[in-house]
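So you know, we letter chains A, B, ... as the sequences are listed, proteins then strands, and number each from 1.
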Amino acid sequence: MISDMRIHVDSERGCLNITVGGTWRLSPERPEEIQRALQLVNEPQITGVLIKEDGLSTWDSSLLVFLVQIVRSARERKIALDLQLSEGLNRLIALAFEVKSQQGSQRERHLPGFLEGIGEKVLSVFPRLTDFLEFLGDVVSALSRFVLGRATMRKQDFLSALHECSIQALPIVAVTNLLFGLILAFVGAVQLTQFGVQIYVAGLVGIGMLRVMGAVMVGIVMSGRVGASYAALLGTMQVNEEIDALTTLGISPVEFLILPRILALVLMVPLLTIYADLMGIFGGYLVGTIMLDIPPVQYLNATMSMVKFSHGLIGLVYATMFGFVIALAGCYQGLRCGRSAQAVGQATTTAVVHSIVGIIVMTAIITIICNVLGI
Amino acid sequence: MTQSPKLSNPTLISVRDLTVGYGSFILMKSISFEVKAGEICFITGGSGCGKSTLLKVLMGLKSPKMGQVLYGDEDFWKADANARQAIKRNTGVLFQSGALWSSMTLAENVALPLQQYTDLSQEQIAELASLKLALTGLAGFEDYYPSEISGGMRKRAGLARALALDPAILFLDEPSAGLDPVSSRHLDDLILELRDTLKATFMIVSHELDSIFAIADKIIYLDNQTRTIQAQGDPRRLKEDPETALCALDFLTRGAAGKALEKSNCEKTGS
Ligand SMILES: Nc1ncnc2c1ncn2[C@@H]1O[C@H](COP(=O)(O)OP(=O)(O)O)[C@@H](O)[C@H]1O
Ligand SMILES: [Mg+2]
């Protein structure tokens, strides 16, 4: 429908006369008179406003928003106001002013400038660090209570957490590590055949997988699978006030919800790593026997002689630490999640990013320690 | 109809000059009131004026900016962990959203507090859980998950969970929102019954005029504009006292007339 907004504005002897009529529909074009009226009402020589209607047929919010603006300005300037309008319009205008905006509820929305932004970021580092350390302290005290047998943890929670990060994770861990073993063997083979020592592919894959790569691969897969789901679960519980409900009962969410999940991951990531190592070695075996024509027995013998037990143990140390890092990142983000769906999404992504970064930093630290110790 | 608790009842909760807010935003200031043991105290006020937040401060979920919350003689926010734990053990909470644990069935939800704090056998706990669910009109829904029931039923299940440990203090945030009128009356009867039998004390956020006049011993009206308590006292007496009552009563009766509850524009009608 075409809008035919009719508006007439004139001012005489300090009185602003506005007459509206015709059909008012929301549309991008507005008569210039509207702008003029809005300007005039704020001018000092205007001491009164009269709004009339003349042949007004249909109207919508476009008219209302204009009239409310005029009325607001007039009220702010405390000038005389005369509304000669139909009942419906009068009521809606009254309604718009009935509930005053709450004091203090209007926020200043200002975007921080570049330097200010940097400053805020830097200043927020310290509180965030102490907050995380506080969380870590809670976790450690929950763990010690668990060791003393006093933690309030449900067996079902632990079992379902175990289930989530064990059997359900087997297929994806198998596929990724088998392929990773293949890739490692391929890359190694190209170099090693130049020197005629293809057999060292067995050692490369075996040691590589056992010592660190198996654990890293499991860690990355589990951050995406389990760390993210912990963050999403706990975040949603936070949004639904389920965590508050626990707290009011005097049950510590860290003991009740987080402890079983940390234990499950710390237990299962090393076990999954052993499985992943075997898968990776199998991948290397496939490349060695099929592509490089190494006899199967010789390949296996080479693996056995080059790989040492300590490699496997170091791998398990990595794996245990990764399990802890993933669980901490996921649970921390979930527990500190804001109270909206968007915050849950953010917590989930942050949990994954933090656990992957954590895994890499942890790898570097342990590798350097091993190097210094000469193992 | 109801007899108010005897004057000799000791004061159970005292709130002194409380200020609550989020960040730099002050939501409510100079809140002071006392609730005696066995009283049914209603908190009312426009939506968004901070009733749920006030309850959160009382039940120890959110620290106040200033002021004290005393349970008996114990200042909750200064007490040590053990004392707080003891207070929490004695309170039951119904959240505005229900806040049932979504990974547990209704029976498990009600059973969890019992498992935590009593040495009862599994069967005894299951029986108690069924009883509490039956009291709130949810008999037969023991094995349903929270996602499988309606909003009003979730409220009632939340109430059943709040009642699990027969707590001395119950905080109910809009218990009758989402309930049909019959369940709502039933809820009033249940509250009176619990008060008389278990000597429980209630702090209830609600706008139900009928409930307030039927069962409230005390009403606290929070005002959006002045950001503090505008009127408090016995609702039946407030009705007669024109000075303080106008705002609260105008607010409530306007709600009863079916108009929007939020429009607590006292000044216009009060003057
Ligand atoms: N997490 C929060 N962060 C900041 N402000 C909040 C938060 N929760 C509530 N508020 C503010 O507090 C006010 C009161 O909320 P609430 O206590 O839930 O009101 P009600 O009286 O309806 O229960 C709201 O208007 C809102 O602006
Ligand atoms: Mg509320």
Side-chain angles (χ1 to χ4, degrees), chain A residues 91 94-108 124 127 137-138 141 145 150-161 163-164 229-230 232-257 260-261 338-340 344, chain B residues 21 23-27 46 48-50 52 55-56 58-62 81-82 84-104 108-109 112-113 115-117 146 154 158 161-162 164-165 167 171 173 223-227 260 262-265 267-268:
Chain A
R91 268 210 308 270
L95 207 56
F97 288 99
E98 185 162 1
V99 183
K100 284 183 276 176
S101 84
Q102 280 185 33
Q103 290 167 11
S105 61
Q106 259 146 2
R107 302 212 177 134
E108 286 173 41
S124 74
D138 286 348
S141 85
R145 281 172 62 86
R150 286 208 309 243
T152 51
M153 184 179 94
R154 290 204 323 160
K155 216 169 29 200
Q156 295 102 299
D157 272 354
F158 178 58
L159 293 180
S160 75
H163 182 70
E164 184 180 13
S229 92
Y230 285 2
L233 177 86
L234 292 172
T236 312
M237 290 184 77
Q238 188 69 267
V239 173
N240 292 341
E241 299 184 302
E242 291 176 44
I243 293 187
D244 287 343
L246 277 180
T247 315
T248 51
L249 261 182
I251 300 175
S252 147
V254 173
E255 265 179 43
F256 193 77
L257 295 171
R261 298 192 157 76
R339 301 201 176 234
S340 66
V344 174
Chain B
S24 60
F25 172 44
I26 303 286
L27 198 51
C49 76
S52 300
L55 272 199
K56 282 191 180 150
L58 294 186
M59 62 178 104
L61 278 176
K62 179 170 170 34
N82 283 337
R84 282 191 196 184
Q85 187 79 3
I87 294 169
K88 283 180 180 171
R89 158 79 178 76
N90 271 316
T91 55
V93 178
L94 166 61
F95 286 85
Q96 187 164 6
S97 61
L100 296 170
W101 296 303
S102 47
S103 60
M104 302 184 205
E108 285 171 336
N109 263 283
L112 182 69
Q115 286 163 354
Q116 288 298 313
Y117 286 110
R154 253 173 252 165
R161 183 179 68 186
L165 288 166
F171 293 106
D173 198 344
D223 182 56
N224 259 340
Q225 298 296 326
T226 54
R227 304 203 162 276
E262 284 78 352
K263 288 162 203 138
S264 58
N265 195 345
E267 288 160 46
K268 223 178 82 193

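With a 4.5 angstrom heavy-atom cutoff, B:F171 does not touch chain A via any of its atoms. Interface remark: B:R84 contributes no atoms to any contact with chain A (heavy atom separation under 4.5 Å). Contact of A:L233 with chain B is not made at all, since no heavy-atom distance falls under 4.5 Å. For B:L100, the part lying under 4.5 angstrom from a heavy atom of chain A is the backbone only.
Counting heavy atoms from C-beta outward, A:D244 and B:V93 have side chains that stay 4.5 Å or more apart. B:T91 has its side chain out of reach of A:T248: every pair of non-hydrogen atoms, C-beta onward, lies at least 4.5 Å apart. Counting heavy atoms from C-beta outward, A:R154 and B:L112 have side chains that approach closer than 4.5 Å. Taking 4.5 Å as the limit, some side-chain heavy atom of A:L246 sits within range of a side-chain heavy atom of B:W101.
Annotation for B:S97 and A:N240: closest pair OG-O, 3.8 Å, computed over non-hydrogen atoms. Scanning all heavy atoms of the two residues, the minimum distance from A:A245 to B:A99 falls at CB-O, 3.8 Å.
Of the possible donor and acceptor atoms, none in the side chain of B:Q116 sits under 3.5 Å from a partner among the backbone N and O of A:T152.
Between the NZ atom in B:K88 and the CD1 atom in A:I251 there is a gap of 10.5 Å [rounded to 0.5 Å]. Residue B:L61 holds its CG atom at 8.5 Å from CD of A:E241, rounded to the nearest 0.5 Å. In this structure, CD on A:Q156 lies 8.0 Å from CE on B:M104, to the nearest 0.5 angstrom.
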